[in-house]
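A short write-up of the structure that comes next.
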Protein chains: 2
Amino acid sequence: MTTPRPMRADARRNYERIVATAREVFVEQGPEAPLDDIARRAEVGAGTLYRHFPAREDLVAAVYSAAIQHNSNLAYQLLDEHDPWDALVLWMREQVHFGVQKRGLAATLKAAMDKDSATFAQCKSTLNEAAAAVLKAAQDAGVVRDDVKPRDLLLLGHGVAVATEATPEDSERLLTITLDGLKPQR
Amino acid sequence: MTTPRPMRADARRNYERIVATAREVFVEQGPEAPLDDIARRAEVGAGTLYRHFPAREDLVAAVYSAAIQHNSNLAYQLLDEHDPWDALVLWMREQVHFGVQKRGLAATLKAAMDKDSATFAQCKSTLNEAAAAVLKAAQDAGVVRDDVKPRDLLLLGHGVAVATEATPEDSERLLTITLDGLKPQR
DNA sequence: ACCTGAACACCGTTCAAGT
DNA sequence: ACCTGAACACCGTTCAAGT
């Protein structure tokens, strides 16, 4: 569905160049970097960038969707290798680290997800399923309260990431507090 | 210190007009509203706006500092009227509501606070003291764990607000989870 | 079918001229 | 001392012309 239909060779080449360049520029300047810079450094016209990525979110999605897929897959791997609570902790920590890694990344991704662009639909459902899997295991084991929803894990992770992106040294402490809040309360 | 030194009558008039207009425009368009719009509607030149408010944050501060002061004072009032845990819950809820009320407000205020502009220094310390008071009462009563810091309350409240500003119906549930995380763990 | 890059619109910021 | 508003820079977005 999001699988791109065949492109002409030059179009595909440009598409790849733009994504590769955007990946670099986002690292250097954050996800608010001028699209013009990206087009220039990718040596394409501004119009070409817009043709492939009508909205900034589409470009952000193209750059980060692989990482999000990876984050999602990690959930199942962690569930294999650890008990449900540890899997939850490790997965949430990964979510927070990912959100914190580049200033503004978390906010940009969240905005993109909330808008549910077609490009992100895939990522979004994969990520939701991963959260659901991690959560279900923990709930079945009785280590997380039953009224928590998969979406809550993502929102809480996002919240911690955004709140601490200026001071990453606070991430872990806030995450611990948040995770404790997920435990069944007396 | 942040108390403004005397201004010429026309300067003061313009200052007030700008703040009043900004308040309206922020409500209508959010805190990213074009400064130009604000200047035009306030019927001042763009340069006048910049003279009074060199950075957008300064204008944001002027508009919202009274509300932040109010939020801070509320802490002491709540401590008078409720037991420490309830005061904490009610105060945190107020923080979240305030952050959620206008899209982008929480992020803008946080950015301003992190940058610690002179204009915000006052607000920031007042708010920190309020958080410390609420927290200390709760810790003394043994209903909140000892390793929590005042700053954590603000960060957690901010996180919940940002995470749920697109879906305010999630605010309360996330806040409950977060507050439970603050309780002393077994 | 796709690309280019000039053109346009918009907005933040500065500054020379005015009071 | 303060204000004005034109001017400049920057960036997102579109579109006519080209291949």
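Every chain is numbered from 1 and lettered A, B, ... according to where its sequence line falls, protein lines coming before strand lines.
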How many Å lie between [atom1] on [X] and [atom2] on [N], as a whole number?
X     : N      : atom1 : atom2 : value
A/F53 : D/dT13 : CZ    : C1'   : 16 Å
A/R12 : C/dC3  : CZ    : P     : 12 Å
B/I18 : C/dG12 : CD1   : C1'   : 15 Å
B/D58 : C/dT13 : CG    : C1'   : 14 Å

Contact residues, residues 32-52 of chain B to DNA chain D [heavy atom, < 4.0 Å]: B/E43, B/V44, B/G45, B/A46, B/G47, B/T48, B/R51, B/H52
Summary of salt bridge (Lys or Arg N to Asp or Glu O under 4.0 Å) pairs that have at least one residue in [range], sequence neighbours excluded:
range                       : value
residues 127-136 of chain A : A/K136-A/D140
residues 18-39 of chain B   : B/E24-B/R41, B/E28-B/R41, B/D36-B/R40, B/D37-B/R40
residues 68-94 of chain A   : A/R93-A/E172

Can you name the residues that form a ring-ring contact (aromatic ring centres under 6.0 Å, His included) with A/H52, not counting sequence neighbours? A/Y15
Counterpart residues, salt bridge (Lys or Arg N to Asp or Glu O under 4.0 Å), relative to B/K102 (two or more places apart): none
Please report the interatomic distance CD(B/Q139) to CG(B/D146), rounded to the nearest 0.5 Å. 5.5 Å
Pairing residues for A/R13 by the side-chain hydrogen bond (donor to acceptor under 3.5 Å, both in side chains) criterion, not counting sequence neighbours: none
Qualifying side-chain hydrogen bond (donor to acceptor under 3.5 Å, both in side chains) pairs, either residue in residues 149-168 of chain B, two or more places apart: A/R151-B/T167, A/T167-B/R151, A/D170-B/R151, A/R173-B/D152, B/T164-B/S171, B/T167-B/D170
Tell me which of B/R8 and B/A55 sits closer to the 5' end of DNA chain C, going by the nucleotide each one is nearest to. B/A55
A/N14 side chain near C/dC3 phosphate (N/O to OP1/OP2, under 4.0 Å): yes
Paired stems touching DNA chain C, three or more consecutive Watson-Crick or G-U pairs with both distances under 3.5 Å? C:4-8 with D:12-16, C:12-16 with D:4-8
